[in-house]
Amino acid sequence: MEYNHREVEQKWQNRWRKEQIFKAKDNKDKPKYYVLDMFPYPSGAGLHVGHPLGYIASDIVARYKRQKGFNVLHPMGYDAYGLPAEQYAIQTGQHPAITTEQNINRYRQQLDLLGLSYDWSREVRTCDPSYYKWTQWTFIQLFNSFYCYDANKALPISELIPALEGGFAKDLNVACGKPMDFSAQQWADFSEQERSDVLMNYRLAYLSEAMVNWCADLGTVLANDEVVNGVSVRGGFPVERKSMKQWSLRITAYAERLLEGLERIEWSESLKEIQRNWIGKSKGATLFFELENGEKLEIFTTRADTLFGATFMVLCPEHPIIDSITTDDRKAAVKEYITWAKNRSERERLAEVKLVSGIFTGSYAINPLNGERLPVWVADYVLAGYGSGAIMAVPAHDSRDFAFARKFNLPVRQVVVPEGEQEEDTTQWQESKDSKEGTVINSGLITGLKVKDAIEKIINYIEEKGIGYGTTNYRLRDAIFSRQRYWGEPFPIYYENGVPKALSEEKLPLLLPDIETYLPTETGEPPLARAKDWNYNGNPYDHNTMPGFAGSNAYYLRYEDPHNDTALVSKETNDYWQNVDLYIGGSEHATGHLLYSRFITKFLFDIGKVCTDEPFVRLINQGMVQGRSNFVYRIKGTNRYVSFGLKNEYETDALHVDISLVENNDVLNLEKFKAWREEFNAAEFILEGDKYICGWEIEKMSKSLYNVQNPDMLVERYGADTLRLYEMFLGPLEQSKPWDTQGIEGVSRFIKKFWRLYHDRDNVFYVSDLPPSKEELAVLHRAIGKVEQDIEKFSFNTSVSTFMVCVNLLTDLKCNKRQILEPLAVLISSFAPHIAEEIWELLGHKETITYAQFPKFDNKYLEQTTFKYPVSINGKTRTFIELDLSLTQEGVETAVMKDSSVQKFLDNKPIKRFIFVPKRIINIVV
RNA sequence: GCAUCUGUGGCGGAACUGGUAGACGCGCUAGACUCAAAAUCUAGUGAGCUUUAAACUCGUGCCGGUUCGAUUCCGGCCAGAUGUACCA
């Protein structure tokens with residue numbers, strides 16, 4: 001008889017559920033600890049062994065913190081709006097809510113198997129009206145706010161109106177779409193529609209005609225982070241630029257604060273760096289170049305020091321000034337070029353980055369510093385969305401300008417000489433010198449300065465002369481917030497005579513209406529246009545829905561107060577739980593969810609709804625668990641399969657085989673293989689010895705590669721405790737690592753060994769009440785100290801090793817003493833809670849181990865009386881001697897002299913000098 | 001191109017603020033138990049040299065530096081992973 005994990009785990013999971021052991025209460029006497037997993041989108045495929053990795057890690061921390069006396073909040077929920085359920089609905093007509101519900105139930109079943117200590121009473125689902133009420137509420141708050149740079153926070157839009165009424169729009173220091181200027185009288189004369197349009201320019205959630213990423217295959221627009229390399233992240237469909245009227249969130253207003261906040265949170269350096277790059281702050285200068293027709297051309301540059309090296313100007317094809325400056329003889333050619341450039345798809349443009357194209361407008365601009373005439377060109381390498389869509393080109397010191405100059409035979413003038421170089425003949429150059437290090441030459445007032453100083457001096461100079469100013473640019477774009485889909489949150493917006501208005505808060509939630517088919521209408525309207533009688537007093541609602549990230553922005557706050565009907569989270573509750581102490585999830589959300597969530601949290605902080613302005617204090621990205629795929633080798637054009645070792649003798653195709661058909665990682669079960677699929681029924685094999693050996697490779701774990709390890713099967717076979725320990729044992733949490741099927745046996749052995757430690761051959765429990773020996777206590781306390789340290793560092797793989805060493809040593813000592821076992825059970829309970837609970841009960845405890853006190857580490861059991869000193873003789877470390885720590889310096893010398901391992905190296909020579917560094921090293925010079 | 005991270009046995013991976021590299025696990029080898037297998041247990045397992053043992057030598061991607069001493073710190077290269085990119 002051995003440890004029966006099925007029985008034991010079932011028993012404890014039932015008891016935890018029945019007694020609601022993990023329910024978090026707002027207990028203000030204890031310090032709080034909020035540990036959160038990124039809630040999953042419940043896909044139809046269910047979980048594979050990669051998913052639970054983060055859940056297990058967070059569960060270990062949650063259980064550990066409970067035993068450390070914290071009041072732990074550890075909730076779970078579902079990000080339930082999403083494309084797959086909608087696409088399934090389009091195909092089958094089944095309401096996405098039904099699919100979603102089914103998938104959630106499946107997820108829950110799988111999660112429950114793992115013995116995770118979630119407080120399920122706080123579960124949230126983004127598609128639940130009582131939840132999306134607050135998603136809509138947040139949207140209304142954004143709609144009713146603007147961002148003031150003087151106060152450096154969001155303020156109610158009503159506070160802006162007096163300034164507009166007074167005609168001070170042009171003096172406002174606020175975030176806006178475009179600068180505005182109108183008089184008090186003009187405002188008074190504006191129609192309602194016009195006033196609404198003006199306010200839209202300032203609202204944090206605003207409607208605007210914008211160039212968007214349109215994905216025709218998905219029938220919707222996408223945010224920038226949902227598009228990679230010109231195709232959609234979901235589905236990989238081509239995406240084109242298109243101008244449409246869309247809701248957006250003015251996240252750009254928060255660019256500086258989003259950047260600055262990164263300094264105060266404990267995230268991995270790489271993740272912070274991704275966000276910094278995405279925000280893309282660059283300091284530089286805005287400059288005005290006069291055109292020959294008298295108009296001014298605004299440009300942005302980070303290299304004001306190279307102003308004297310500018311030899312031409314470039315405008316983006318969308319630039320509004322092009323029409324008025326193009327000379328008559330160039331008009332036709334310029335128009336043709338612009339048409340060509342605009343019709344190029346995003347994908348073509350990205351694929352042909354190296355293709356240099358452009359056209360001369362026939363006009364010239366005047367360099368404000370030296371009065372030189374610079375030809376103005378149009379080229380698509382200058383982007384409309386960044387800076388002012390126009391640049392001064394310095395081919396000598398910018399690789400893109402250089403390529404352009406070479407193609408169109410424009411002059412290249414060197415104005416910066418890198419350290420240790422001389423001025424060169426630029427006609428010989430193969431590439432530009434982009435480095436920001438060096439000395440400025442040929443540049444009037446800044447000649448001789450270092451690049452950094454030159455930039456500063458130029459900016460001061462242009463500000464003085466009124467031809468420009470120092471400024472900062474961000475790459476971050478506002479977040480496009482509407483989707484032309486059904487399965488999402490409806491906007492709490494209706495149109496009265498075409499003017500968008502927000503529903504009042506009491507009218508929330510605005511329920512998602514039922515419709516018959518989930519496709520866009522014949523006229524290309526979003527699916528919600530199909531809803532019958534769906535309006536507010538006869539005024540139509542907005543037919544868009546919110547994007548996937550809408551529901552996840554503030555979900556962490558909702559867990560704090562999930563049943564509150566009057567607030568997203570009550571002030572009192574939020575004051576207690578505050579923000580998330582530890583957040584675990586994948587790094588794929590770096591520029592999506594994690595950025596938007598920070599933005600929304602800062603906004604809610606500004607309007608006084610929450611007490612902190614960062615959502616996640618500490619973030620850990622768990623690595624991917626990769627799969628080990630197996631291959632068989634089919635001889636080309638036949639149905640014969642050759643074993644791995646012999647495959648080079650034939651021409652073969654490698655085919656993935658399901659890992660369940662393979663034993664011991666590489667031996668193919670021929671019968672199962674033949675039965676797997678019809679095409680293999682008549683397969684013939686060329687064996688090695690009497691076996692068919694499969695090839696293998698480490699790949700992403702995926703259904704289509706037949707390498708998925710199913711957690712349900714593993715729990716059934718080995719138990720949840722073993723799976724939990726093994727997932728942690730695989731390697732460092734943040735690293736991606738391959739799943740090794742055989743490795744789990746080692747952990748399974750450990751569990752059995754642990755059980756045997758205090759069970760006799762007949763599986764009868766027995767502990768000794770004898771006091772533990774010094775040695776046994778040392779073993780225990782070494783484990784306590786190590787595990788505590790490891791958990792604090794999230795180094796769970798080494799904790800598991802520590803348990804193994806500990807149990808091995810105790811087995812050797814035949815130690816089954818109560819005073820050792822009791823603390824050990826607690827120590828191990830966060831990793832393997834079921835077996836720990838069972839022992840805890842066998843030891844006579846009535847209460848669950850969940851709230852037992854974490855054992856106190858006591859250094860006194862480990863105190864060393866001796867220390868191993870390295871001994872260096874004539875500068876070379878030769879040996880180590882063990883010395884009593886209490887020895888004096890003279891005592892050390894005597895001990896060294898006596899130690900034969902040292903004597904050997906002395907060659908009978910006398911000691912000339914003896915240097916003793918306490919607790920470090922003994923140096924001897926002979 | 002730029003940025004971040006990572007390079008240690010056959011494999012996954014340990015090594016506290018620099019101090020006897022390779023903990024723990026897998027795999028492999030040998031042995032015990034067994035009619036046999038599974039399970040379990042015991043021993044061995046970086047490389048070289050050596051009949052054996054002991055001893056010695058070399059070993060943490062490569063080159064160099066600091067130090068009595070470097071997987072660890074510094075500089076330069078190489079490789080891989082991830083992110084990002086006509087962002088002026």
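In the text below, chain A, chain B and the rest are named by the order of the sequence lines, each starting its count at 1.
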Base-pairing string, 5' to 3', of RNA chain B - Watson-Crick or wobble, under 3.5 Å, | interstrand: (((((((..(((......[....)))((((((.......))))))(((.......)))..(((((..]....))))))))))))....
Gap in Å between the two P atoms, one belonging to B:rU45 and one to B:rA23, rounded: 10 Å
Anything under 3.5 Å between a protein N or O and an N or O of nucleotides 39-41 of chain B, put it in a table, one pair a line.
from, atom 1, to, atom 2, distance (Å)
B:rU40, OP1, A:Arg749, NE, 3.3
B:rC41, OP1, A:Arg756, NH2, 3.3

NZ-OG1 distance between A:Lys786 and A:Thr802, expressed to the nearest 0.5 angstrom: 4.5 Å
Same-atom distance (P) from B:rC24 to B:rC77, integer angstrom: 39 Å
Atom C1', compared across B:rU50 and B:rA55: separation rounded to whole Å: 10 Å
Sugar-phosphate, base or nothing in reach of A:Val394, heavy atoms under 4.0 Å: nothing
Any side-chain heavy-atom pair of A:Leu315 and A:Val382 under 4.5 Å: no
Charged N-O contact under 4.0 Å between A:Arg717 and A:Glu745: yes
Donor-acceptor side-chain pairing of A:Asp398 and A:Ser432 below 3.5 angstrom: no
Whole-Å gap separating C1' (B:rC5) and CH2 (A:Trp267): 17 Å
Verdict with reasoning, A:Glu298 to A:Thr286, per side-chain contact (heavy atoms from CB on, under 4.5 Å): CA-CA 7 Å; A:Glu298 178 188 334; A:Thr286 292; 3.5 Å; yes
Of A:Tyr474 and A:Ser270, the one whose closest RNA chain B nucleotide lies more 5': A:Ser270
Nearest atoms (heavy-atom pairs only) where A:Val378 meets A:Val314: C-CG1, 4.3 Å
Audit row: A:Phe404, A:Leu410, side-chain contact (heavy atoms from CB on, under 4.5 Å) steps and yes/no: CA-CA 8 Å; A:Phe404 195 84; A:Leu410 294 156; 4.1 Å; yes
Listed once per pair and sorted, the salt bridge (charged side-chain N to carboxylate O under 4.0 Å, His left out) pairs that draw on residues 722-743 of chain A, sequence neighbours left out: A:Asp59-A:Arg724
A:Ser282-A:Tyr386 side chain donor-acceptor pair, cut-off 3.5 Å: yes
B:rA47 and B:rU66, which share atom name P, separated by this distance in whole Å: 34 Å
Between P of B:rA85 and CD1 of A:Ile274, the distance in whole Å: 11 Å
Atom P, compared across B:rG65 and B:rU51: separation rounded to whole Å: 38 Å
A:Phe404 CZ to B:rC86 C1', straight-line distance once rounded to whole Å: 12 Å
A:His781: side-chain hydrogen bond (donor to acceptor under 3.5 Å, both in side chains) partners, not counting sequence neighbours: none
Side chain of A:Ser282 (C-beta onward), nearest among B:rG83, B:rC26, B:rA88: B:rA88
Which pairs, protein N/O on one side and nucleotides 6-14 of chain B N/O on the other, fall under 3.5 Å?
from, atom 1, to, atom 2, distance (Å)
B:rG12, O2', A:Leu730, O, 2.6
B:rG13, OP1, A:Gln735, NE2, 2.6
B:rG13, O3', A:Asn797, ND2, 3.3
B:rA14, OP1, A:Asn797, ND2, 3.1

P spacing across the pair B:rG10 / B:rC5, given as an integer number of angstrom: 29 Å
Cation-aromatic face contact A:Lys753/A:Trp755, 6.0 Å, 45 degrees: no
Syn or anti conformation of B:rG9, syn meaning chi within 90° of 0: syn
Atom P, compared across B:rG75 and B:rU4: separation rounded to whole Å: 13 Å
Of residues 297-310 of chain A, the positions that come close to RNA chain B - non-hydrogen atoms, cut-off under 4.0 Å: A:Phe300, A:Thr301, A:Thr302, A:Arg303
Spacing between A:Arg276 atom CZ and B:rC5 atom P, to the nearest angstrom: 11 Å
Separation of B:rA85 C1' from A:Tyr386 OH (nearest whole Å): 12 Å
Under 3.5 Å: donor-acceptor pair, side chain of A:Ser748, backbone of A:Ile744: no
Nearest-angstrom distance, P atom, B:rC56 to B:rU6: 35 Å
Between C1' of B:rC26 and CD of A:Glu727, the distance in whole Å: 17 Å
A:Asn707 vs A:Asn630, side-chain contact (heavy atoms from CB on, under 4.5 Å): CA-CA, chis, key distance, verdict: CA-CA 8 Å; A:Asn707 60 0; A:Asn630 281 111; over 6 Å; no
Distance flag, aromatic centroids of A:Phe408 and A:Phe312, threshold under 6.0 Å: no
Sequence-distant partners of A:Asp401, salt bridge (charged side-chain N to carboxylate O under 4.0 Å, His left out), two or more places apart: none
Whether A:Thr311 side chain and A:Pro411 backbone form a donor-acceptor pair below 3.5 Å: yes
Salt bridge (charged side-chain N to carboxylate O under 4.0 Å, His left out) involving A:Glu273 - partner list, sequence neighbours excluded: A:Arg276
What nitrogen or oxygen pairs link the protein and nucleotides 1-3 of chain B at under 3.5 Å?
from, atom 1, to, atom 2, distance (Å)
B:rA3, O2', A:Glu273, OE2, 3.4

Nearest-angstrom distance from the residue atom NZ of A:Lys407 to P of B:rC86: 19 Å
Between P of B:rC26 and CZ of A:Phe750, the distance in whole Å: 12 Å
Distance-only donor-acceptor check, side chains A:Ser357 and A:Tyr337, under 3.5 Å: yes
Salt bridge (charged side-chain N to carboxylate O under 4.0 Å, His left out): pairs with one or both residues in residues 278-289 of chain A, sequence neighbours excluded: A:Glu256-A:Lys281
Sequence-aligned protein contact record of nucleotides 71-79 of chain B, with B where the base is within under 4.0 Å of a protein heavy atom and S where only the sugar-phosphate is: ---------
Under the salt bridge (charged side-chain N to carboxylate O under 4.0 Å, His left out) test, residues paired with A:Arg628 that sit two or more places apart: none
Nearest listed nucleotide, side chain of A:Asn808, among B:rC26, B:rA88, B:rG25: B:rG25
Residue closer to the 5' end of RNA chain B, A:Glu269 versus A:Asp812 (nearest nucleotide): A:Glu269
